[in-house]
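Since the structure comes first, as structure tokens, the remarks are kept for the end.
By convention in this document, chain letters (A, B, ...) are assigned in the order of the sequence lines, proteins followed by strands, and residues within each chain are numbered from 1.
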Amino acid sequence: MSTTSPAPTTTAVPAFEAHDIVKHFDGVHALSGAHLSVREGEIHALLGENGAGKSTMVKVLTGIYAPDGGRILRNGEEVTFANVRVANRAGIVALYQELSIIPSISVAENIMLGERTPSRGGLVQWAALRSRAKEQLDRLNQKIPLKMLAGDLSPVQQTMVAFARALANDARVLILDEPTASLTDTEIKDLFTVLRSLRAQGVAIVYVSHRLEEVFELCDRLTIMRNGETMLTKDVADSNIDEVISTMVGRAAGDLYPDRGTATSTVALSVTGLDGRKVKDVTFTAHKGEVLGIGGLAGSGRSELLRILAGAQKHTAGTIAVGDVALPSSPGVARALDAGIALVPEERRSQGVILSASIRDNIALANIGAVSSAGLVSGGRISDITKRGMSDLQVKARSSRQPVGELSGGNQQKVVLAKMLARNPKVLLMDEPTRGIDVGTKAEIYRLIRALAATGTTVIAVSSELPELIGMSDRILIMHEGQISGEAMSAEADEEMLLAYCYGKTA
Amino acid sequence: GCSSSGGGGGTGDGGDDAPFKVIAFTSGNQTPIGAWWVKAVQAKADENGWDLTMIQGDFDFQKMNPQVESAIGQGADAIFDGFTDYASIGSIITAAKDADIPIFAMDSGTEATDAFVVNITTNQQGLVDSTLGALDESLGGLEGKNIMVIGHDPHPGIRLRASLAEKDLKAAGAIIAGGEIQKVKSPATGRTEALAIVADYLTAHPDGLDAVWVGWDDAALGASKAIDEAGSDAKVTGSDATSEAIAAIEAGGSFLATINQPWPEVLDTVTDDIIAFQKDGTMPAENFVAVDTTLVDKANAADITPSDKL
Amino acid sequence: MTTTNVPVQPRTSIGKFLVQGGTTIALLALIVFFFAMRPDVFLTFTNVRNILFQVSILAIVAGAQTLVMVVGDFDLSLAATSSLSGSAVASLMLGGMPMAPAILIGLVVGLLIGIGNGLLVAYLNLSAFVATLATMTSVIGLAYLVTQGTTLFNLPDGFNALGQGRLLNVPLPVYIAIAIAVVLWAVLRFTTTGRKWYAIGGNVEVSRLSGINVRRGRLMAFAAAGLISAVAGILLAARLGSGSAVQGSDNLLFSVAAVFLGMTVIKSGQANLVGTMVGVAIIGVMSNGLNILGVNSYVQQVVTGLIIIAAVTLSGLKTRER
Amino acid sequence: MTTTNVPVQPRTSIGKFLVQGGTTIALLALIVFFFAMRPDVFLTFTNVRNILFQVSILAIVAGAQTLVMVVGDFDLSLAATSSLSGSAVASLMLGGMPMAPAILIGLVVGLLIGIGNGLLVAYLNLSAFVATLATMTSVIGLAYLVTQGTTLFNLPDGFNALGQGRLLNVPLPVYIAIAIAVVLWAVLRFTTTGRKWYAIGGNVEVSRLSGINVRRGRLMAFAAAGLISAVAGILLAARLGSGSAVQGSDNLLFSVAAVFLGMTVIKSGQANLVGTMVGVAIIGVMSNGLNILGVNSYVQQVVTGLIIIAAVTLSGLKTRER
Ligand SMILES: Nc1ncnc2c1ncn2[C@@H]1O[C@H](COP(=O)(O)OP(=O)(O)OP(=O)(O)O)[C@@H](O)[C@H]1O
Ligand SMILES: Nc1ncnc2c1ncn2[C@@H]1O[C@H](COP(=O)(O)OP(=O)(O)OP(=O)(O)O)[C@@H](O)[C@H]1O
Ligand SMILES: [Mg+2]
Ligand SMILES: [Mg+2]
């Protein structure tokens with residue numbers, strides 16, 4: 001692989017550079033010779049597979065991690081950042097991947113957190129604080145009550161608040177680590193508008209994302225990392241998706257989506273008149289061997305629907321039947337699992353895996369019945385299902401005893417899958433199965449979904465990305481305000497039509 | 001609780017129309033003797049027609065003191081302190097002085113103080129003399145004997161008698177085991193603490209202990225248990241004459257003797273002093289009285305009313 | 001089961017109060033109950049003053065505990081620290097030191113212990129529970145050493161007046177407790193330090209990534225708590241006219257209970273000063289009221305536990321596990 | 001600055017031990033130190049037996065606390081529960097009930113209190129801290145009522161033999177404590193219940209979504225802890241030949257300290273039985289060793305706190321805030 005291509009020469013000195021950055025964790029080489037160079041007034045994409053080292057790079061650049069080697073330069077001068085505050089004072093601000101909000105304080109305070117809090121003589125200037133917070137929200141086109149507790153916001157609003165906080169710093173170098181992972185198109189548009197205007201004001205922006213379409217729409221240059229090394233930096237205009245993917249994964253890109261299969265006509269799941277929190281009168285069926293996609297805007301109730309089906313949430317009316325066996329009115333997760341419905345939840349770090357526990361223990365979690373007899377757990381049987389799950393899904397880990405928290409996002413997601421697949425579910429519910437996952441792993445997951453369907457499993461997958469929805473499903477349902485607003489065979493669907501359903505225009 | 005017994009003014013000793021008002025308080029209502037005292041004082045009040053305000057605390061001076069002071073603020077003729085050391089009630093004493101109300105006390109300090117018009121307690125020196133006498137007799141002299149002294153500093157009576165015992169033992173030529181008074185920290189865990197101290201001492205010095213002098217029975221029972229379990233033939237003395245200690249003495253193990261303090265008699269005397277004051281304002285002759293105690297050993301154990309069965 | 005879209009009602013203060021105010025309601029219920037039982041005594045000036053006097057020291061310790069709990073930590077050593085400070089001041093004055101420097105040293109002792117806790121927790125990353133449990137153990141030992149296990153008394157009148165003197169017939173500690181509570185409330189509400197503490201308590205990692213100096217914030221909260229509990233201990237010594245190693249030790253659990261009760265008062269479930277004072281009031285009213293009714297002290301203890309449970313359950317709180 | 005891919009070294013057990021074993025090292029250091037000071041005494045059979053005997057009851061209470069802490073909760077009422085159970089058994093036997101049913105009732109008392117705590121915490125969502133603090137208060141009150149504040153004694157010899165009898169010259173409580181520790185270790189390690197408890201302690205939401213009945217799991221942990229601490233309380237009564245409301249109250253803080261020390265022994269920082277027993281051993285060795293060296297008990301207390309801090313700091317643990 002080539003290292004860096006010559007940069008187009010517009011400005012003399014890059015605003016912010018990092019050279020030969022090395023960072024180890026406990027024997028893991030997160031970064032081994034990474035480079036990045038951003039200029040004023042550009043949006044620079046930082047790309048790479050899960051675990052390529054992007055987030056680690058972001059943290060090294062902003063003083064959270066001290067690098068084990070390498071140099072960081074600001075306007076051509078070498079700098080070291082002892083902590084985030086020092087970096088912030090130098091105008092370098094990041095929105096971190098896992099960074100969210102502080103749920104127990106108000107929206108306004110979340111935006112003006114820390115040194116941004118306007119104060120005089122140690123006293124908070126509340127009026128100034130609110131007005132400045134409001135300015136930031138206005139820039140993002142968000143109408144969020146400033147005094148509300150941030151914990152009461154929807155996940156999307158929380159992300160926007162976190163983003164407003166990053167903006168509030170008046171950064172000269174703004175680094176965004178997967179800001180759009182949990183946003184929908186509307187917010188993404190507003191976000192892009194802001195980013196473009198910042199670029200016009202000469203801000204240097206680093207943009208980390210797995211959504212390659214966004215990169216080609218928004219960014220000026222891109223840097224691709226693999227295994228902790230920088231592989232390539234070039235103008236976006238001179239590149240294309242295939243090159244990006246093949247550089248990221250180190251081989252030529254294949255088709256992202258596998259061929260569709262043929263669903264049987266046997267009904268595997270039938271849902272009638274389901275009412276619950278955020279879900280109103282939902283009726284549909286899914287067939288054996290079918291991949292059913294569910295789309296909709298943020299907050300349209302997709303997650304709630306899946307949670308109800310999985311027994312994690314109560315419903316107030318309606319029936320759920322697997323095959324022709326009806327579930328009791330409030331089954332609970334255990335009963336739903338026994339009936340053959342398994343859920344791969346939306347937030348994998350807080351809902352999917354116990355980060356401090358090992359891969360084995362996580363997989364055993366949903367299979368305690370299968371790995372035990374007479375109340376005693378058999379280590380051998382756990383090893384069996386773990387081994388099978390890890391090899392079927394190609395989980396990359398040191399050993400099955402490694403804590404899941406040390407794995408990259410994609411591998412964590414595979415552990416969640418392995419945990420649920422070991423139950424041999426008849427109906428597998430997947431909520432945003434590829435969120436925050438790189439293209440290579442995404443393709444693997446699509447193939448896996450297809451392979452499961454081929455063996456007769458029904459897969460119901462929620463996704464916020466319309467191309468993904470179309471690419472991976474056989475049939476698509478769109479939800480709007482808790483109700484099903486449209487249905488289409490994906491072979492006949494196009495994005496425009498689905499988007500119309502998303503906004504409640506019923507077919 | 002503050003219960004005012006409605007004895008009525010009918011006792012009619014004096015010509016007053018208002019009944020004689022007494023504030024009584026104790027900080028040790030969760031100890032058996034404290035509980036006895038509360039009931040006994042109530043009975044005395046009923047008998048004598050006092051308007052009694054009884055305030056109890058569980059060594060929580062932070063809560064008890066304001067209650068007593070506020071009762072003082074509402075006026076009273078006399079105050080009766082049971083078992084509450086004057087060190088902890090400085091503010092009550094001040095309030096009573098300001099209001100010119102005399103405090104009658106029992107077992108509320110180990111030395112004379114003008115805080116009280118009378119404080120009748122037991123003779124600590126006498127107590128020490130008789131327990132050491134019992135040890136002397138049982139060991140055949142104290143000279144050269146290894147004797148451990150276990151005390152508990154927060155309790156002024158125990159602290160005083162432990163230091164007297166240490167002094168007299170040294171004077172008699174005994175060796176203080178461990179070089180100093182062993183201190184139990186919490187009354188709640190006194191028994192287990194003493195048990196561990198003695199057991200550990202005996203492992204470190206097998207046959208190195210002739211007796212353990214303990215300042216109160218609960219801890220003495222722990223010490224005695226440690227000695228029996230180690231198979232040592234050391235002797236133990238305590239103080240308080242709890243029924244458990246008396247039973248242990250009767251059983252004839254290492255527990256040699258304890259001390260009976262005549263609380264009912266002391267209560268009677270203080271009550272008489274209060275009644276005398278109620279009648280014609282007579283103040284007690286002395287402000288500090290130390291009454292004698294009785295040694296309880298195998299010989300008389302059966303005749304003693306245990307302090308927790310009063 | 002209607003599906004009409006009722007717009008979310010902005011909760012009125014009263015509605016809010018009824019929903020979240022279980023604890024406050026419990027306090028009012030207690031007051032009404034005791035008043036109904038003993039209308040002649042319970043709400044008299046003397047008795048209210050009594051209650052205030054009884055809880056004043058607890059209120060200060062609970063205020064200190066609130067600070068630490070706002071940053072999401074926990075200090076088991078506060079009551080011990082206050083005993084040590086009180087004992088140290090008493091001992092120094094008995095040794096002949098004038099009042100002012102003795103008090104100053106007492107305050108410094110509290111501050112130092114607080115800083116020690118803060119260093120252990122914020123900089124050495126020990127769990128607050130172990131660190132302060134260990135500090136508590138050592139500090140109690142030190143207090144025993146300072147007092148030689150005894151109750152130190154015969155303190156100067158000028159000193160005792162701090163705890164026993166009155167202004168307008170109300171004891172000084174009541175004013176001091178109110179003043180400290182107001183200051184702490186203002187610090188938590190209006191200063192950048194207070195807001196940082198709340199941010200840290202809300203989410204340490206987000207705070208750190210947002211450029212808040214989390215370690216210094218936590219250290220400061222512990223230091224402030226140590227200092228304030230020293231104030232409480234010195235006042236208690238002045239109030240009782242004596243200092244001892246065990247004096248005020250029940251403030252440990254009661255202060256924690258007060259803060260926890262107070263956390264149920266507000267929706268976000270954070271430690272907060274107003275709530276803490278409600279908690280302190282519940283504890284004070286309950287103990288005073290039960291005494292007035294002449295309830296057997298063993299039964300009182302049983303009832304106290306039940307009332308705490310009732311208050312917290314009433315508030316319908318879904319406390320996150322700590 | 002090499003970029004060669006050194007394969008990740010599998011950590012050896014010894015390496016692991018040195019990195020994480022600060023607490024274990026502290027225990028060994030204490031043993032070596034006391035042995036060096038008193039080689040003639042410290043490691044003799046008699047003294048080791050002594051230590052074991054002294055910590056046996058604490059070990060049981062700490063084992064109970066471990067269960068609750070494995071599910072991520074906390075039980076302040078365990079020591080009080082054990083006092084109440086011991087007192088209840090003593091009181092029943094003195095009232096003429098034969099030993100077996102009296103013990104049974106004592107165990108049921110512990111179980112019921114545990115279930116009560118479990119219901120409050122798991123089903124009413126009270127914070128474990130408030131709930132068990134309140135329960136503790138009430139339970140101590142009940143114990144005072146049962147004993148009338150006195151120490152109940154004159155228990156049947158058969159009963160006392162449970163706590164004082166010996167087998168092969170080693171006291172029975174030592175065997176019982178070891179047996180309970182082994183059973184709890186096996187339950188935590190090999191049973192589905194233990195697995196579920198660890199999962200719940202790891203992440204409640206993940207556990208729930210994996211089909212684990214989280215509420216029942218937490219309830220069971222509290223119930224088991226209540227039952228086990230009843231065993232401890234009954235044994236303590238048999239060991240002392242008496243029952244009282246305050247007996248064994250120091251087991252509260254020591255058991256918690258033991259579990260916390262034990263959490264530093266393993267990398268994941270969870271409560272675990274082996275670690276707890278290391279913690280218990282540290283506490284027991286320290287107190288016995290200091291007694292043997294004849295250290296003043298106030299100084300002992302200061303030293304105890306310092307050693308706990310040293311052990312935890314040594315283990316270099318980055319404990320998550322609780
Ligand atoms: N704190 C840490 N301790 C140990 N290993 C770590 C730590 N942080 C990151 N790693 C490892 O370093 C490597 C790079 O991780 P990083 O999070 O930077 O990847 P990324 O490119 O941001 O991936 P993703 O797209 O999934 O966010 C991974 O192998 C990861 O497991
Ligand atoms: N009132 C609420 N309290 C707690 N959690 C909620 C509440 N409302 C929604 N959630 C959670 O927020 C998430 C989003 O909910 P919902 O099902 O409405 O959105 P969605 O259509 O899946 O959209 P997205 O997940 O993209 O935001 C779900 O995880 C849901 O459980
Ligand atoms: Mg990342
Ligand atoms: Mg969703």
Assert top hit (heavy-atom pairs under 4.5 Å, partner chain B, pool Ile292(D), Leu236(D), Thr44(D)) equals Ile292(D)
Given the rule in the side-chain contact (heavy atoms from CB on, under 4.5 Å) test, do Thr151(D) and Arg191(B) qualify, once you have shown the distances and angles that lead to the verdict? CA-CA 11 Å; Thr151(D) 305; Arg191(B) 190 176 301 204; 3.3 Å; yes
Mind listing the side-chain donor-acceptor pairs of residues 260-267 of chain B below 3.5 Å, one per line with the distance, residues two or more places apart or on another chain?
{"unit_1": "Gln261(B)", "atom_1": "OE1", "unit_2": "Thr122(B)", "atom_2": "OG1", "d": "2.6"}
{"unit_1": "Gln261(B)", "atom_1": "NE2", "unit_2": "Asp240(B)", "atom_2": "OD1", "d": "3.4"}

With sequence neighbours left out, the residues meeting side chain to side chain donor-acceptor pair (under 3.5 Å) with Lys185(B) are none
All heavy atoms of Ala247(B) vs all of Phe153(D), minimum pair found to be CB-CE1, 3.6 Å
Modelled atom types, side-chain donor and acceptor of Thr192(B) and Arg239(D), under 3.5 Å:
no
(Q) I'd like to know whether CZ of Phe25(B) has more than 12 heavy-atom contacts from other residues, nucleotides or ligands below 6.0 angstrom. (A) yes
Taking a cut-off of under 4.5 angstrom between non-hydrogen atoms, the residues of residues 195-220 of chain B near chain D are Leu195(B), Ala196(B), Ile197(B), Ala199(B), Asp200(B), Thr203(B), Ala204(B), His205(B), Asp218(B)
Those residues at least two apart in sequence (or on a different chain) that pass ring-ring contact (aromatic ring centres under 6.0 Å, His included) with Phe53(D) are none
Donor-acceptor check, side chain of Lys225(B) to backbone of Leu240(D), threshold 3.5 angstrom: yes or no?
yes
Whatever's closer than 4.5 Å to a heavy atom in chain B on Asn50(D) counts as side chain
| Taking everything shown except Asp233(B) itself, do over 12 heavy atoms lie less than 6.0 Å from its CG? | no
Distance col, row Glu229(B):CD vs Arg49(D):CZ, nearest 0.5 angstrom, shows 9.0 Å
Got a sec: does the CG of Asp157(D) have more than 12 other heavy atoms crowding it under 6.0 Å? no
Within the structure provided, determine whether Glu244(B) and Ser242(D) are in side-chain contact (heavy-atom separation under 4.5 Å). yes
